[in-house]
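The next block holds one structure in the form of structure tokens; read it before the comments.
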Number of protein chains: 2
Amino acid sequence: MSRREQILDVALELLERDGVQALTMRAIGEAVGMRAPSLYKHVPDKQSLEAGLIARGLTAQAQVFARAKTLTALARAYRGWAREHPHLYRLMTDGPLPRDLLPPGVEDAAAAPLLAVTGSVAQARALWGLAHGLISLELAGRFPPGADVDAAWRVGIAAFTATTTKGRTP
Amino acid sequence: MSRREQILDVALELLERDGVQALTMRAIGEAVGMRAPSLYKHVPDKQSLEAGLIARGLTAQAQVFARAKTLTALARAYRGWAREHPHLYRLMTDGPLPRDLLPPGVEDAAAAPLLAVTGSVAQARALWGLAHGLISLELAGRFPPGADVDAAWRVGIAAFTATTTKGRTP
DNA sequence: AACCCTAAGCTAACACCGTTAGCCAACCGC
DNA sequence: GCGGTTGGCTAACGGTGTTAGCTTAGGGTT
């Protein structure tokens with residue numbers, strides 16, 4: 001295992017455990033057993049390190065989402081993944097995608113299941129917007145305490161299933 | 001005009017013009033004509049200053065959204081406001097709402113039009129999720145360049161109008 | 001075997017961030 | 001006139017990402 005991958009490993013662990021504000025070059029260095037400046041012998045800068053984490057998240061998503069064959073199952077999988085990896089999910093979705101730092105195809109791989117489960121690109125994007133919006137508001141603590149988030153998901157998914165499967169049911 | 005409001009004024013201008021990474025205590029101080037530490041004579045800390053900006057954003061949203069009488073008009077207004085104030089919108093939606101630092105009622109005021117235009121709280125939250133998700137992905141540059149974001153909005157809104165206005169049309 | 005070059009660690013330091021401590025001048029009420 | 005509050009200042013602290021420059025170990029070539 002290359003040193004870079006080892007650094008990404010401990011950075012991911014650090015991020016998932018303690019959140020994005022704990023993802024510090026010095027903290028990563030300590031966890032990997034070196035001083036912060038030495039990290040720069042293996043990683044050009046922090047942005048590229050974060051891009052590596054984002055790439056891992058996208059491929060992990062692609063694997064999980066591919067198992068969901070229906071719109072409802074995919075929505076459940078999407079929410080579930082985000083709740084299992086809240087800090088990574090936020091790192092992945094806050095800020096623009098560093099596409100030039102990502103291995104090619106990884107973005108499409110994560111998006112493919114959405115396309116498979118809806119009828120068109122526009123429908124896939126709208127569903128993505130719904131799912132991302134709901135989970136993003138949930139993770140950011142924007143809903144009032146005690147809000148019935150499940151009900152919002154049910155309503156949203158119902159609206160989409162009514163539309164996207166119309167006339168396509170076998 | 002109190003000094004605090006003046007500080008909020010220039011902070012808001014700074015944020016909307018140069019983005020959140022330019023919203024620095026030193027930069028605010030310079031723009032308002034004093035050194036950064038002197039700001040603390042008028043504002044307890046940066047978090048409260050940001051809460052002031054968020055409160056302004058919420059009341060501005062409440063005023064604009066209240067004019068939208070249909071679901072479609074509200075969605076258009078929501079997207080339009082966010083695109084006119086992208087940095088403020090992101091400041092308002094990234095991170096949890098500092099409810100204890102906000103004037104009471106301002107959160108509800110901004111949310112009320114969503115409730116008025118849908119049938120239930122769950123529908124309002126689902127629609128909010130859709131709108132927030134789409135604009136958030138758009139502002140973060142997550143859609144591929146050249147993506148037809150308008151089409152995604154049309155599809156999403158269509159899904160919701162089909163559901164929420166069912167049986168309620170006059 | 002002697003040499004050199006590269007890889008990979010280190011410390012010191014820089015510029016910037018939010019924030020605190022402590023000082024000082026101006027102004028206001030008595 | 002005088003004391004206290006208000007509102008500015010500088011200096012500084014601990015934190016961030018990052019760079020410069022040094023050192024040491026290891027491997028390859030002659």
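Throughout, protein chains are lettered first and strands after them, A, B, ... in sequence-line order, and every chain is numbered starting at 1.
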CD/A:Q6: more than 12 non-hydrogen atoms of other groups inside 6.0 Å | yes

Report the hydrophobic cluster partners of B:L101, with the cluster defined as I, L, V, M, F, W, Y residues connected by side-chain heavy atoms closer than 4.5 angstrom, directly or transitively.
-> none

Do B:Y78 and B:W153 have ring centres separated by under 6.0 Å?
-> no

Give a yes/no answer on whether the side chain of A:R35 brings an N or O atom under 4.0 Å of OP1 or OP2 in C:dA12.
-> no

Starting at CE of B:M34 and ending at C1' of D:dT6, how long is that distance when rounded to a whole Å?
-> 12 Å

A:H42 vs C:dA7: side-chain N/O to OP1/OP2 distance below 4.0 Å | no

Would you say the side chain of B:P37 lies within less than 4.5 Å of the side chain of B:M25, judging by non-hydrogen atoms?
-> no

Could you run down nucleotides 14-21 of chain D 5' to 3' and tag each one B, S or - for protein heavy-atom contact under 4.0 Å?
-> --BBBB--

Determine whether more than 12 heavy atoms belonging to other residues, nucleotides or ligands lie under 6.0 Å from atom CZ of A:R67.
-> no

A:L115 reachable from A:I157 in the ILVMFWY side-chain graph, under 4.5 Å edges | no

Separation of atom CD1 in B:I7 from atom P in D:dG7, rounded to whole Å | 10 Å

